[in-house]
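As the structure is a computational prediction, the values presented were derived from the model and not from experiment. Lettering of chains follows the sequences in order, A, B, ..., and the numbering in each one begins at 1.
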2 protein chains.
Amino acid sequence: MFTIGKASEQSGVNIETIRYYEREGVVPKPGRSAGGRRLYSPNEIAKLRFVRRCRDLGFPISIIQTFLSLTEQEDRSCTEVKTLAESHLDEINAKIENLTLLREALRSLSANCDDGTAACPMHDALMKDGFGELISE
Amino acid sequence: MFTIGKASEQSGVNIETIRYYEREGVVPKPGRSAGGRRLYSPNEIAKLRFVRRCRDLGFPISIIQTFLSLTEQEDRSCTEVKTLAESHLDEINAKIENLTLLREALRSLSANCDDGTAACPMHDALMKDGFGELISE
DNA sequence: TCTACTTCCTGTAGCGGCTACAGGAGCAAG
DNA sequence: CTTGCTCCTGTAGCCGCTACAGGAAGTAGA
């Protein structure tokens, strides 16, 4: 059994964040020592690590909770997890696409600044009425 | 002069968001009608549009405020704007890179689910201790 | 002129996902 | 026994909005 500090080290989840996850019911409440300190089993630490990795992958907490509850009921949850992952993949693709558009827009605005004619062509372009709407979303 | 509803239409900024920008000092307080309603000049509406477009480009409010204050003092602020824009461009590139890594990680995890051997290979991979740390940040 | 409807006002609280305190208690080493 | 670390609870703040509630002002038609 490990205290919250060790659990944090091993899972890579910040101590405050671990307590936050507990408050929000993302992970179950751990046992306590005689002195009232949280004690984590290796299994619970694995769960925290799982949450962190899912967060790193960009999953929102709500979906991670679904993942964890699907995992509780051991029967054939793989396809459901896969479906969720793939719809998330679509979102990521959309984000990448938008960011790429945005990058091009910024690049061309910034490039205009090089000719040194106007006070600030970038600013002017963003102020003007006729400037096209960049982001689709 | 236009009421907040018209200003919202013309700038593309939500009414509530306009008031929020005013509270936060992003844009100056507009004049008021006899009855106490906000009245916007075309110039103020252009400013709102400017803020929205910068937000669309992913700039945080704090940077947009810098943009606007650089604009107030008309003297050669172009290079500063350009510098800010380019460091923002770097951030966008980093985001795209991370998302791309993330997409590959998700794809390969999801692909593993297809062979239908384990209960859920994706879940197992995320739980395991040895799984590499994906995201650099 | 009265009424119905729309727009606007202020103020406050909520969202997600943390992070940062304050003020105190437990615990191990020297 | 004291020092210093970790831990506890509870609360407030971060960003950039968004969504109310409860009321006042303005507009259009009968």
Side-chain angles (χ1 to χ4, degrees), chain A residues 1-27 29-40 44-45 47-68 88 91 95 98 102 135 137, chain B residues 1-27 29-40 44-45 47-68 88 91 95 98 102 135 137:
Chain A
M1 288 303 211
F2 304 89
T3 59
I4 198 168
K6 305 290 169 195
S8 169
E9 260 176 51
Q10 287 182 46
S11 64
V13 181
N14 188 310
I15 291 180
E16 311 265 24
T17 308
I18 293 176
R19 290 197 277 248
Y20 165 75
Y21 286 162
E22 183 185 328
R23 274 201 303 285
E24 296 298 304
V26 180
V27 293
K29 302 195 179 217
R32 299 281 180 138
S33 75
R37 307 196 155 188
R38 291 171 179 81
L39 291 177
Y40 295 87
E44 287 170 311
I45 292 174
K47 234 171 210 171
L48 285 169
R49 199 166 34 229
F50 176 79
V51 174
R52 185 183 60 76
R53 282 174 181 159
C54 289
R55 291 290 304 132
D56 284 347
L57 289 170
F59 288 102
I61 295 286
S62 56
I63 287 189
I64 299 172
Q65 278 176 303
T66 311
F67 283 166
L68 284 171
H88 185 60
E91 278 171 38
K95 267 190 197 168
N98 262 335
L102 192 155
I135 309 304
E137 176 68 19
Chain B
M1 289 302 209
F2 305 88
T3 59
I4 199 169
K6 304 291 169 195
S8 170
E9 259 175 52
Q10 287 181 47
S11 65
V13 182
N14 188 309
I15 291 179
E16 310 263 25
T17 307
I18 293 176
R19 289 197 278 248
Y20 165 75
Y21 286 161
E22 183 186 328
R23 275 199 304 282
E24 297 298 302
V26 181
V27 294
K29 302 195 180 217
R32 299 279 182 139
S33 74
R37 307 197 156 188
R38 291 171 179 82
L39 290 177
Y40 296 87
E44 289 172 309
I45 292 173
K47 234 169 210 170
L48 287 169
R49 197 165 37 229
F50 176 81
V51 174
R52 183 182 62 75
R53 282 175 181 159
C54 289
R55 292 290 302 133
D56 284 347
L57 289 170
F59 288 102
I61 295 286
S62 56
I63 289 189
I64 299 172
Q65 277 176 305
T66 311
F67 282 166
L68 285 171
H88 184 60
E91 278 171 39
K95 265 190 200 169
N98 263 334
L102 190 157
I135 308 304
E137 174 70 19

The criterion is side-chain hydrogen bond (donor to acceptor under 3.5 Å, both in side chains); which residues satisfy it with A:E91, sequence neighbours excluded? none
Between A:T17 and C:dC18, is there a contact of a side-chain N or O with OP1 or OP2 at under 4.0 Å? no
Taken to the nearest whole Å, CD/A:E22 to C1'/C:dG17 is 16 Å
Under the side-chain hydrogen bond (donor to acceptor under 3.5 Å, both in side chains) test, which residues partner B:R38, sequence neighbours left out? B:E22
Among all residues two or more places apart in sequence or in another chain, which pass the ring pair (Phe, Tyr, Trp, His ring centres under 6.0 Å) test with B:F50? A:H123
State, yes or no, whether a side-chain contact exists between B:I61 and B:R55 at a heavy-atom distance under 4.5 Å. yes
Would you grab the first and last nucleotide of DNA chain D (5' to 3') that comes under 4.0 Å of any non-hydrogen atom in chain B? D:dG16 to D:dG26
Have a look at A:R19 and say if it touches a base, only the backbone sugar-phosphate, or nothing, with a 4.0 Å heavy-atom cut-off. base
How long is the line joining CD of A:E16 and C1' of C:dG16, in whole Å? 17 Å
Test side chain to side chain contact (heavy atoms under 4.5 Å, CB included) applied to A:V27 - qualifying residues, sequence neighbours left out: A:Y21, A:L48, A:V51
Hey, are the side chains of A:R19 and A:I4 touching, using non-hydrogen atoms and a 4.5 Å cut-off? yes
Rounded distance in Å - CZ (A:R23) to P (C:dC15): 14 Å
Can you check the A:N14 CG to C:dT19 P distance for me, whole Å? 5 Å
Could you check whether B:Y21 gets within reach of a base, just the sugar-phosphate, or nothing at all, counting any heavy atom under 4.0 Å? sugar-phosphate
Going from CZ on A:F59 to CD1 on A:I64, what distance comes out if it is rounded to the nearest 0.5 angstrom? 8.0 Å
Kindly write out the residues that satisfy side-chain hydrogen bond (donor to acceptor under 3.5 Å, both in side chains) with A:E44, not counting sequence neighbours, or none if the list is empty. A:S41
Once you round it to whole Å, what is the distance between P of C:dT6 and CD1 of B:I15? 14 Å
Checking the side chain of A:R52 only, and the main-chain atoms of A:S11 only, is there a donor and an acceptor separated by less than 3.5 Å? yes
B/S/- along nucleotides 24-30 of chain C (protein heavy atoms under 4.0 Å) is -BBS---
